[in-house]
Colleague: 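I'd like to ask some things about the structure below.
In this text, all values refer to a predicted model and were calculated from it rather than measured experimentally. Each chain gets a letter, A, B and so on, in the order the sequences are listed, and its residues count up from 1.
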Number of protein chains: 2
Amino acid sequence: MGVTMKDIARMIGVSESTVSRAINNKPGVGAKTKKKILRLVEKYNYQPNQLAQNLAKQESNMIGLLLPDISSLFYSEAARAIQDIAAKEGYQVIVCNTDGDEDREKNYIDWLQANKIAGIIFLGYGLANNKIINLGLSNYPIVLANRLVEEVMIPSVVIDNATGAFGATIHLLEKGHKRIALINGPQDNLQSQNRLQGYKQALNNYNIDYNPKLVIHKDWSRESGYEGFLELLDSDEVPTAIFAANDLIAVGVIEAIKMGGYMIPHDIAVVGFEDTIVTSVIEPALTTVSQPMYELGANSVRKLFSLINKEEVEEKIEILASKLIVRKST
Amino acid sequence: MGVTMKDIARMIGVSESTVSRAINNKPGVGAKTKKKILRLVEKYNYQPNQLAQNLAKQESNMIGLLLPDISSLFYSEAARAIQDIAAKEGYQVIVCNTDGDEDREKNYIDWLQANKIAGIIFLGYGLANNKIINLGLSNYPIVLANRLVEEVMIPSVVIDNATGAFGATIHLLEKGHKRIALINGPQDNLQSQNRLQGYKQALNNYNIDYNPKLVIHKDWSRESGYEGFLELLDSDEVPTAIFAANDLIAVGVIEAIKMGGYMIPHDIAVVGFEDTIVTSVIEPALTTVSQPMYELGANSVRKLFSLINKEEVEEKIEILASKLIVRKST
DNA sequence: TTGTACGCGTTATCAA
DNA sequence: TTGATAACGCGTACAA
């Protein structure tokens with residue numbers, strides 16, 4: 001196949017070590033020999049075999065990215081950021097879709113470690129499991145993106161969901177709403193909990209009692225929004241505003257509201273969460289909370305490189321602010 | 001760090017080759033020794049160092065995926081398919097974003113080859129460049145997904161854009177439209193050309209003369225749709241139907257149409273292309289042509305594994321059908 | 001059935 | 001400034 005160091009060494013009649021030194025710009029090579037070597041490198045388009053390099057150095061120039069699903073717009077943007085910055089550092093990214101399944105997560109981790117991957121980013125939601133904690137205890141470079149772990153101090157970058165939800169709810173309160181419903185994600189999900197917390201806190205600031213009947217836990221789907229709204233209609237406390245815990249839920253809510261013949265925002269106001277493309281396409285355009293996904297990915301991978309390079313990670317847990325984007329639905 | 005074969009060999013007092021044979025289930029190991037070895041493997045959670053394995057075998061268990069942008073919904077779905085199937089075969093995928101830039105493409109290819117990546121999938125649009133052709137001439141496993149190359153027979157999977165566009169245009173013709181505009185992607189783009197070709201052919205089937213004034217070439221953005229429609233309004237031939245070459249363009253078109261006070265589909269009908277999520281969210285829901293992206297990715301990677309395993313690739317160039325999805329905008 | 005010896009392509013440690 | 005040699009961890013042809 002391609003030429004190796006040995007080939008070049010033989011051609012000139014020097015040793016492989018000399019060739020290695022010349023190529024890697026290390027001191028201790030005569031100017032003339034170095035020139036000769038580099039000329040042949042050019043001529044035969046020598047490409048170092050990274051597998052061999054990696055084996056010798058006991059490390060590789062790849063990082064692993066574990067996330068639920070790359071085909072979700074939400075994650076793919078962060079993935080893009082990670083790949084951009086990794087590429088600048090000469091690293092490539094191995095993307096592993098876990099669908100949130102712990103078994104697959106574990107398998108991927110084994111694979112990545114067996115391949116001596118330089119480090120791993122966990123991008124996802126909710127709490128991380130024990131396996132990750134154990135990884136964190138061994139001194140393997142790990143960064144958590146939008147995930148948290150309780151017991152161990154693993155460098156993390158998270159988006160402040162509570163404050164985002166707080167801002168969205170305050171926005172509705174300022175508009176004069178008093179019966180604000182929350183259609184949320186699963187109850188055991190960390191994001192759901194944070195968004196609920198922000199919601200509660202906002203109500204509290206306005207001295208409005210928290211009413212559990214106005215909070216519905218479902219999954220993150222469009223159907224949840226649709227069904228959730230119908231449930232609220234059936235209750236005795238029909239809300240004047242709905243805070244949907246993500247845009248997809250909001251889309252379902254809007255569909256149900258329209259189906260019921262109500263006007264948005266006149267009869268019922270709606271706020272979403274995430275700022276995906278649908279928010280600007282749907283009628284009326286959806287007020288939502290934007291998540292800095294690119295920044296999330298970028299800052300995570302920067303932290304990871306700090307770890308890989310044995311540098312100090314300044315901000316162990318970094319919290320990114322989300323931002324309210326007001327459109328026509330409120 | 002982890003235990004190696006050498007460690008296990010020493011513990012029992014056998015040679016490394018015996019351990020290797022036992023672990024890889026190769027014949028020629030006594031049942032008792034094998035059991036002893038496997039017990040230690042279990043006990044110390046031995047993980048083979050893949051870097052070493054790869055170096056010894058001169059190949060790696062990774063494949064490369066070159067695409068324009070992973071954060072595009074269009075590509076990320078195919079990427080997901082590729083990763084799913086690769087994972088089943090024990091391979092991982094390295095995702096490389098090129099943004100269509102040939103220099104970056106070339107750099108990635110070098111990197112992938114230096115790392116002895118088992119094969120590469122080129123996912124994208126348009127024609128591939130010479131570098132790729134050269135790669136194809138060397139017997140490196142390569143598959144093209146939604147790309148074509150003229151001179152060399154590289155296994156490829158493409159989506160039949162021409163027929164998709166043909167069907168979409170026929171659909172409009174059947175609805176009685178005679179002045180159908182096409183707002184297309186860039187003129188030098190292969191997909192654009194195919195979609196134009198299908199459009200022309202449909203007109204031809206209905207004995208309608210092709211009118212270049214009704215065809216506008218722009219980029220694939222929402223703004224293109226908006227501006228494109230305004231240009232058509234200014235012309236002397238205002239169309240009764242618009243075929244937008246992708247959904248994003250269609251969104252812009254619909255916005256412009258609404259802004260102009262026209263009714264969809266009463267005054268003007270609209271068809272999109274791709275079937276992204278916006279089609280079901282926008283009002284009115286958009287008739288569009290769905291692209292089997294998951295299948296595109298899946299079949300591409302299957303072909304790649306055939307190449308990697310030195311098997312015969314049955315269908316050198318596979319063409320996937322796209323499908324018209326009729327909604328409310330026509 | 002088992003062990004020896006070498007190769008994979010590179011880096012790194014000593015001597016020379 | 002150089003070169004010989006070992007090491008990285010594993011696979012494998014050959015010999016025992």
Colleague: Across nucleotides 3-12 of chain D, 5' to 3', mark each nucleotide with B, S or - according to how protein heavy atoms within less than 4.0 Å reach it.
Modeller: BB---BBBSB
Colleague: Show your working on side-chain hydrogen bond (donor to acceptor under 3.5 Å, both in side chains) between B/Tyr44 and B/Asp7 and close with a plain yes or no.
Modeller: CA-CA 10 Å; B/Tyr44 292 103; B/Asp7 298 329; over 6 Å; no
Colleague: Kindly state which residues belonging to residues 33-44 of chain B come within less than 4.0 angstrom of DNA chain D, counting heavy atoms of the residue only, listed by number.
Modeller: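 Within residues 33-44 of chain B, no residue comes under 4.0 Å of DNA chain D.
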Colleague: When you look at B/Met293 and B/Ile159, which way does the side chain to side chain contact (heavy atoms under 4.5 Å, CB included) test go after all the steps?
Modeller: CA-CA 9 Å; B/Met293 291 310 286; B/Ile159 296 175; 3.9 Å; yes
Colleague: Check this for me, if you would: do A/Lys88 and A/Asp84 make a salt bridge, where the nitrogen-to-carboxylate-oxygen distance has to be below 4.0 angstrom?
Modeller: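 Looking at A/Asp84 together with A/Lys88, the answer is no, because their closest N to O distance does not fall below 4.0 Å.
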Colleague: Could you tell me from which nucleotide to which nucleotide of DNA chain C, 5' to 3', there is an atom under 4.0 Å from chain B heavy atoms?
Modeller: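 Terminal contacting nucleotides, 5' to 3': C/dT1 to C/dG9.
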Colleague: Using a 6.0 Å cut-off, check whether atom NZ of A/Lys36 has over 12 heavy atoms from anything other than its own residue.
Modeller: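 No - once you tally the heavy atoms of other residues, nucleotides and ligands closer than 6.0 Å, there are 12 at most.
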Colleague: Could you measure the distance from the CG atom of A/Leu304 to the CD1 atom of A/Ile121? Nearest 0.5 Å is fine.
Modeller: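 Answer for the CG-CD1 pair, A/Leu304 versus A/Ile121, is 5.0 Å.
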Colleague: State which residues pass side-chain contact (heavy atoms from CB on, under 4.5 Å) with A/Ser17; sequence neighbours excluded, sorted by chain then number.
Modeller: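 For A/Ser17, the residues satisfying side-chain contact (heavy atoms from CB on, under 4.5 Å) (neighbours in sequence not counted) are A/Ser15, A/Arg21.
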Colleague: Note the angle between the end axes of the helix from C/dT1-D/dA16 to C/dA16-D/dT1, five pairs defining each, rounded to 10 degrees.
Modeller: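 Answer for the end axes of this duplex: 50°.
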Colleague: Tell me the ring-ring contact (aromatic ring centres under 6.0 Å, His included) pairs involving residues 73-120 of chain A, sequence neighbours left out?
Modeller: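 Pairs touching residues 73-120 of chain A that pass the test: A/Tyr91-A/Phe305.
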Colleague: When rounded to the nearest 0.5 angstrom, what distance separates CZ in B/Arg80 from CD in B/Glu77?
Modeller: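 So the gap between those two atoms works out to 10.0 Å.
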Colleague: Using a strict cut-off of less than 4.0 Å between a Lys/Arg side-chain nitrogen and an Asp/Glu carboxylate oxygen, indicate whether A/Glu59 and A/Lys310 qualify as a salt bridge.
Modeller: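 Not counted as a salt bridge, because no side-chain N and carboxylate O are separated by less than 4.0 Å.
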Colleague: Near B/Lys35 NZ, under 6.0 Å, is it more than 12 heavy atoms from other residues, nucleotides or ligands?
Modeller: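 It does not: B/Lys35 NZ has 12 such atoms or fewer within range.
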Colleague: Could you go through the side-chain hydrogen bond (donor to acceptor under 3.5 Å, both in side chains) check for A/Arg302 and A/Asn299 one step at a time?
Modeller: CA-CA 5 Å; A/Arg302 288 199 192 101; A/Asn299 292 7; 2.9 Å; yes
Colleague: So with a 6.0 Å cut-off around NZ of A/Lys43, is the heavy-atom count from everything else above 12?
Modeller: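 Incorrect, the count does not exceed 12.
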